[in-house]
Student: 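What follows is a structure written as structure tokens; I'll ask about it next.
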Amino acid sequence: MESLSVDEQQAASSSSTSPSAPDTRPTSISPQKRRRVEDSTNAAPHASLLKRMGGPSAGKAGLALDQAEINRRIYEASKGSKYFENERRNDERITRKVEAMLARMDERLRAVPEGGPEWLAIEKKADALASKLESTRDLSRHIVHCDMDQFYGAVELKRDPSLKGKAFGVGKGVLVTASYEARAYGCRSGMATYIAEALCPHLITVPNDMQAYVAASQDVMSIFRRFDSNLAQASLDEAYLDVTDHCRINGVGVDDTIAELRRQVREETGLTVSVGVAPNTMLAKIGSDKNKPDGQFRLEATASDCIDFMHALPVRKVPGVGRVTERILQALGVETCGDIWRLRVRIALVLGDGDLEWLLRYNLGIASSIVEPGKREERKSVGREHTFQPTNDPERLLELLRESADRVAEDLKKLDFVGKRVTLTCKAADFQRFTRDQTQTGYVSQADDIFRITRTLLEHELKIQPGLSLRLIGARVSTLKDVR
DNA sequence: TACATACAC
DNA sequence: TATGGTGTATGTA
């Protein structure tokens, strides 16, 4: 199909918006509606906190049990802890931010009445921006996102087949992954182990073994490289590939190519991978989730398929949209990527042109089609941090800082980098984080230098906040120079 | 430049 | 009893 012009999309959008469906109407906010928005905002702290306590990954995936019930149980199990109090503070801060934004929206909407000349001018500008974005759309590549299925868990299953079919999690204080059986109970990566056990009393936990995951990752990546030697590894268990050339050279269709890739991974490693194929990295990444686990999904390479694919997609599913952005967009009335088009003038008014641009990209399904490995020279920083039993003993804190400084120096040496900026990272016993940094006149890389600088920063903090108790400390070096 | 926040995995 | 570590990008003053 020909690429859909923005005007055509606009027409499609307004025709699908029935005037008798008030909830989907574009919108000046009537007094009644306004009150409803405020009420839901005032009611929000509790609701949003409940949801927040579900953890950052709870919103990304669907669930077997009722998520509201799970959130309630997490909330009950967490209540009263220092971590919980910190989450509550953060949630309140975001609530205030959203309220301020809604007030700004009210003000702007009064100043720029819907359908007035100024409104229409903004609409015209937004449409021009969409046309410009549309003209950059690249449909010529088969971009692939490979995502290993419950990767750490799958490696553990290989080691101990008796875990098969059981609810288990990997990790000590915090789960780094949960088996599909455990996920059905609401257990998630990033969740405190004791919360996961409260949700799933028969949960089995196994310690994590990074060495094994790195080794398994190397095996899998070397199989991926047969299909694109220039792949971009995104993490231990994810990679982007451009298989356009591979398909052309071998005269094989892309679906068969991906089926073959998956077969090789399964046969050679015993692990399964889910794959998305699309014209760009964003669509491929979203696609790899569609037929998970052990499945593949391909999006047709036409503009209208890309736009249709995004239309009903909740914005939260877009990579880069997390819990906070989700709340901001929700307050504006944006739940799905399709809503972005309908609300583009409001978005421009309240969030500005910069934010409108990336949101229009989501709406249109436009993103980069370039896949290349991360380059050494793009490295920005090297750091180490660790958590311990909270203490306010200065001697002990300096000891712990020394460990971080030593490890950073070790890594810098291994990687052949030196850096100009040295950062001290702290997390207080109440979970509030802060950083202090100092740019040096020359480059540093030695443990003694990193320790001396961060130590001065820490001692200063201890002086101005007497009795400060910390639960985490770390050091980081940035503004790097490659000395390889 | 210094610091905080948001996000991914 | 009890909630991780590493890195990037971006906004603000």
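Just so it is clear: chains get the letters A, B, ... in the order the sequence lines come, proteins before strands, and each one is counted from 1. All of these numbers come straight from a predicted model, not from anything done at the bench. These numbers come from the heavy atoms of this one structure, side chains and all, not from hydrogens, waters or symmetry mates.
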Student: Atom CD1 of I94(A) and atom C1' of dA6(B): how far apart are they, to the nearest Å?
Tutor: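 To the nearest whole Å, that distance equals 9 Å.
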Student: Tell me whether the side-chain N/O atoms of K79(A) come closer than 4.0 Å to OP1 or OP2 in dA2(C).
Tutor: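 For dA2(C), OP1/OP2 do not have a side-chain N/O of K79(A) under 4.0 Å.
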Student: Could you tell me whether the phosphate oxygens of dT6(C), OP1 or OP2, come under 4.0 Å of any side-chain nitrogen or oxygen in R384(A)?
Tutor: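 Checking dT6(C) against R384(A), a side-chain N or O does come within under 4.0 Å of OP1 or OP2.
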Student: Would you measure the distance from the C1' atom in dC7(B) across to the matching atom in dG4(C) and give it in whole Å?
Tutor: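 dC7(B) and dG4(C) have their C1' atoms separated by 16 Å.
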Student: Does R93(A) make a side-chain N or O approach to OP1 or OP2 of dA6(B) shorter than 4.0 Å?
Tutor: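 True: R93(A) side-chain N/O within range (under 4.0 Å) of dA6(B) OP1/OP2.
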Student: Among the candidates dT8(C), dG5(C), dT3(C), find the nucleotide nearest to the side-chain atoms of L472(A).
Tutor: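 So the nucleotide nearest the side chain must be dG5(C).
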Student: Determine whether any donor atom in the side chain of T193(A) lies under 3.5 Å from an acceptor atom in the base of dT3(C), or the reverse, and answer yes or no.
Tutor: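 No such pair is found, so the answer is no.
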Student: If each of L415(A) and M53(A) is mapped to the nucleotide of DNA chain C with the nearest heavy atom, which maps nearer the 5' terminus, i.e. the 5' end?
Tutor: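 So the residue in question is M53(A).
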Student: Determine whether the aromatic ring centres of residues H202(A) and Y185(A) are separated by less than 6.0 angstrom.
Tutor: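 Under 6.0 Å, so yes.
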Student: Whether T325(A) contacts dC7(B) is assessed here as follows: a side-chain N or O lying under 4.0 Å from the phosphate OP1 or OP2. Is that the case?
Tutor: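 Looking at the OP1 and OP2 atoms of dC7(B), one of them is under 4.0 Å from a side-chain N or O of T325(A).
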Student: Would you tell me if any nitrogen or oxygen in the side chain of S81(A) comes within less than 4.0 Å of OP1 or OP2 on dT3(C)?
Tutor: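 Result: no.
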Student: Quick check for you: among dT6(C), dT8(C), dT3(C), whose closest atom lies nearest to any side-chain atom of S381(A)?
Tutor: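 Shortest atom-to-atom distance from the side chain points to dT8(C).
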Student: Aromatic ring centroids of F297(A) and F309(A) under 6.0 Å?
Tutor: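 That pair passes the under 6.0 Å test.
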